[in-house]
Amino acid sequence: MRVRPGTAYRGRFAPSPTGLLHAGSLVAALASWLDARAHGGAWLVRIEDVDRPRCVAGADAAILEQLRTCGLTPDEPVWWQSRREAAYTTALQRLIDAGWAYPCACTRQDIEAAWLARGVPRARHSARPYPGTCRPEHGGLRGRAPRAWRLHVGRVIAERGLPVPLTWRDRRLGPQAQDVEAAVGDFVLKRADGLWAYQLAVVVDDAAQGITDVVRGEDLADNTARQIVLQQALDMPTPRYLHTPLVRDARGEKLSKQNGAQALDLRDPLAALAAAAAVLGLPGPAAPEVPHSLQGWIDAWRERSLQFGP
């Protein structure tokens, strides 16, 4: 189920409060805000604090203040994923009732051992797809204690009649395809530590907030196919996607909090915004004030978005 034609545009920026926004974060925030404004739509902010052990106290409030300093303010009240437990529980139960989610007892070591037993060595810099060890048709838990819940990807694809590989179109990157079962396997919906997995939380929240367009960093493009499979399983609409260019450090690695990216220096907000706009291929500031420059970038983005398509 795709976004219905004529549906009013609703976009969002969904930062994780594991630290403050950095230069790469601002690129995604600015792009999502510009896309919403250029389409005359609403722009929402959602704090993705579902991974609570990694969240930094006070980072959510600081991120919202960073956005305000840059003139990027949401059109509706901010959502926090940590307050959405009931919605995720309901979604998981729906999948269980449909036979599309099952408990898993495997550790990472178990998954690695299963592949080595098949004579498949690990490829460098790549995660192992789940081999389906705990699938019901493979014997299930076999008396072991459940640790996590997984989506039965193959069953969803077969019963929903989804193509293999799954295909979609990214507004910037163009046609995309992924064989989710082969590349990822049955991915986690609820983790062994009891926390909700990103994939389930983002799909449920995008649907609940009526998001029609997801504009986010290119590092998240690989998640799209999994999210489309989940959307299909839960009868939720599939937004349009646009993945923005990444900001890289001197070593060519993408800026990230895990890599120690420095928080935005917002003593000069216009300079920070201008740097983000440059990454997006937009012209320099149209005026020495943030509001006027943002308007100039909206106009430029509106022209650019004709290349991206609806």
Side-chain angles (χ1 to χ4, degrees), residues 1-2 50-51 81 84-118 120 122-123 126-168 176-208 220-239 241:
M1 180 166 53
R2 302 289 177 178
V50 70
D51 193 350
Q81 285 189 330
R84 301 272 299 151
E85 175 82 18
Y88 308 145
T89 300
T90 298
L92 177 58
Q93 191 59 53
R94 284 184 60 188
L95 296 169
I96 294 170
D97 293 344
W100 293 340
Y102 63 89
C104 175
C106 296
T107 64
R108 292 181 181 178
Q109 291 77 14
D110 294 333
I111 295 170
E112 180 68 18
W115 282 111
L116 291 176
R118 299 181 189 185
V120 181
R122 172 186 286 278
S126 64
R128 294 279 203 185
Y130 183 66
T133 307
C134 291
R135 278 185 170 184
E137 65 268 31
H138 295 164
L141 296 173
R142 295 189 181 90
R144 296 181 297 167
R147 303 180 73 252
W149 283 89
R150 292 182 180 273
L151 185 74
H152 197 309
V153 172
R155 188 169 289 174
V156 172
I157 288 174
E159 295 183 14
R160 285 299 197 199
L162 302 180
V164 179
L166 189 73
T167 58
W168 71 98
Q176 304 291 305
Q178 186 183 72
D179 183 336
V180 182
E181 188 170 17
V184 180
D186 295 346
F187 54 89
V188 170
L189 302 170
K190 192 172 188 180
R191 298 172 8 178
D193 57 10
L195 298 178
W196 295 100
Y198 164 75
Q199 307 296 352
L200 180 69
V202 73
V203 164
V204 170
D205 288 344
D206 280 345
L220 294 172
D222 185 64
N223 290 281
T224 308
R226 276 168 279 179
Q227 291 167 15
I228 292 174
V229 171
L230 258 180
Q231 290 155 1
Q232 292 292 313
L234 290 167
D235 291 314
M236 293 175 174
T238 294
Y241 290 93

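None of these values were measured; they are calculated from a predicted model.
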List, one per line, each side-chain donor-acceptor pair under 3.5 Å for residues 146-158, sequence neighbours excluded.
{"residue": "Arg147", "atom": "NH1", "partner": "Cys106", "partner atom": "O", "Å": "3.1"}
{"residue": "Arg150", "atom": "NH1", "partner": "Asp186", "partner atom": "O", "Å": "2.7"}
{"residue": "His152", "atom": "ND1", "partner": "Arg155", "partner atom": "N", "Å": "3.1"}
{"residue": "His152", "atom": "NE2", "partner": "Glu137", "partner atom": "OE1", "Å": "3.2"}
{"residue": "His152", "atom": "NE2", "partner": "Glu137", "partner atom": "OE2", "Å": "2.8"}
{"residue": "Arg155", "atom": "NH1", "partner": "Gly99", "partner atom": "O", "Å": "3.0"}
{"residue": "Arg155", "atom": "NH2", "partner": "Glu137", "partner atom": "OE1", "Å": "3.4"}

Counting only heavy atoms from other residues, nucleotides and ligands, does the tally under 6.0 Å from CZ of Arg108 exceed 12?
no
Can you find a heavy atom in the side chain of Val188 that is under 4.5 Å from one in the side chain of Tyr130?
no
Between the side chains of Glu159 and Trp100, does any donor sit under 3.5 Å from an acceptor?
yes
Check: Leu230 and Leu189 side chains under 4.5 Å, non-hydrogen atoms:
yes
First locate atom CZ of Arg226, then atom CD of Gln199, and finally report the distance between them rounded to the nearest 0.5 Å.
4.5 Å
I need the Leu166 CG to Glu181 CD distance, nearest 0.5 Å.
12.5 Å
Taking the side chain as every heavy atom from C-beta outward, state whether Tyr198 and Gln227 have any atom pair closer than 4.5 Å.
yes
Can you tell me how far apart CG (Leu92) and CG (Asp97) are? Round to the nearest 0.5 Å.
9.5 Å
Given side-chain contact (heavy atoms from CB on, under 4.5 Å), test Asp206 with Met236 step by step and report yes or no.
CA-CA 9 Å; Asp206 280 345; Met236 293 175 174; over 6 Å; no
Rounded to the nearest 0.5 Å, the CG atom of Leu200 sits from the CZ atom of Arg191 at a distance of 12.5 Å
Nearest 0.5 angstrom please: Thr133 OG1 to Ile111 CD1, how far?
7.0 Å
Can you check whether Ala201's main-chain N or O pairs, donor with acceptor, with Arg84's side chain at less than 3.5 Å?
no
Rounded to the nearest 0.5 Å, what separates atom CD in Gln178 from atom CG in Asp222?
5.0 Å
Applying side chain to side chain donor-acceptor pair (under 3.5 Å), can you list everything that pairs with Glu112, at least two apart in sequence or on another chain?
Arg122, Arg128
No-hydrogen, no-angle side-chain donor-acceptor test under 3.5 Å, Trp196 and Glu85
yes
Arg118 (side chain) donor-acceptor with Trp115 (main chain) under 3.5 angstrom
no
